[in-house]
Amino acid sequence: MECLFCKIAEKKRSAKIIYEDDLAVAFEDINPQAPVHTLVIPKKHISTNLDLRHEDNDLIGHLFQVANKIAKDKGIADRGFRLVMNCNPESGQTVFHIHLHMLGGRIMHWPPG
Ligand code: 5GP
Ligand code: ZN
């Protein structure tokens, strides 16, 4: 299976990895949309949010905890940050391995584009 983010998780494709544990990897987005733009992914391949199973509930919670840690480590937790997970093409999803976008370091606008 050709999956870009599985390859990053398996170190078969280079990325600026800033966090890793048994379940998750976080790395800098190649095309950042904010001063902080980190992607948090599970090591397990899950194509979209719609493919989550009940057994993945703890894993998803863990991704949010990792995002919190990175926001704190980067010093943007108190200022604020945005977590985004796109699902399917109309949302803008282009990589079909779920990922949390952790965006911060600037004022975010609402509604999102
Ligand atoms: P999506 O549009 O699927 O929600 O987000 C995919 C994100 O992955 C985009 O923000 C894009 O810039 C990023 N991305 C795509 N390919 C690569 C890559 O090879 N390396 C890294 N670090 N980020 C990537
Ligand atoms: Zn994958």
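In this chain, numbering begins with 1 at the start of the sequence shown.
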Do other residues, nucleotides or ligands put more than 12 heavy atoms under 6.0 Å from [X] [atom1]?
{"X": "E55", "atom1": "CD", "value": "yes"}
{"X": "K44", "atom1": "NZ", "value": "yes"}
{"X": "D78", "atom1": "CG", "value": "no"}
{"X": "D58", "atom1": "CG", "value": "no"}

Are the side chains of V66 and D21 in touch, meaning some heavy atoms are under 4.5 Å apart? yes

In the structure I gave you, are the side-chain heavy atoms of E20 and K11 within less than 4.5 Å of one another anywhere? yes

So if you build clusters from Ile, Leu, Val, Met, Phe, Trp, Tyr with side-chain heavy-atom gaps below 4.5 Å, do [X] and [Y] land together?
{"X": "I76", "Y": "I18", "result": "yes"}
{"X": "L59", "Y": "I98", "result": "yes"}
{"X": "V40", "Y": "F64", "result": "yes"}
{"X": "I41", "Y": "L52", "result": "no"}
{"X": "V95", "Y": "F27", "result": "yes"}

Return the [atom1] to [atom2] distance between [X] and [Y], rounded to the nearest 0.5 Å.
{"X": "L63", "Y": "L23", "atom1": "CG", "atom2": "CG", "answer": "8.5 Å"}
{"X": "Q93", "Y": "T48", "atom1": "CD", "atom2": "OG1", "answer": "6.0 Å"}
{"X": "R13", "Y": "C3", "atom1": "CZ", "atom2": "SG", "answer": "11.0 Å"}
{"X": "M102", "Y": "K69", "atom1": "CE", "atom2": "NZ", "answer": "11.0 Å"}
{"X": "D29", "Y": "L39", "atom1": "CG", "atom2": "CG", "answer": "4.5 Å"}
{"X": "I60", "Y": "R53", "atom1": "CD1", "atom2": "CZ", "answer": "13.5 Å"}

Kindly indicate, with the supporting measurements, whether the criterion side-chain contact (heavy atoms from CB on, under 4.5 Å) is fulfilled by V25 and F5. CA-CA 10 Å; V25 179; F5 286 180; over 6 Å; no

Apply side-chain contact (heavy atoms from CB on, under 4.5 Å) to the pair H97 and I8, showing each step before the final yes or no. CA-CA 11 Å; H97 178 132; I8 287 175; over 6 Å; no

Would you please test L83 and M85 for side-chain contact (heavy atoms from CB on, under 4.5 Å) and show each step? CA-CA 7 Å; L83 299 176; M85 186 179 287; over 6 Å; no

Show the nearest heavy-atom pair for residues [X] and [Y], with the distance to one decimal.
{"X": "A34", "Y": "M108", "value": "CB-CE, 4.0 Å"}
{"X": "H37", "Y": "P32", "value": "ND1-CA, 3.5 Å"}
{"X": "R82", "Y": "W110", "value": "NH2-CE3, 3.4 Å"}

Checking the side chain of H101 only, and the main-chain atoms of H99 only, is there a donor and an acceptor separated by less than 3.5 Å? no

Salt bridge check, K74 against E28: does any charged N sit closer than 4.0 Å to a carboxylate O? yes

Would you kindly say whether N88 and S91 are connected by a side-chain donor-acceptor distance under 3.5 Å? no

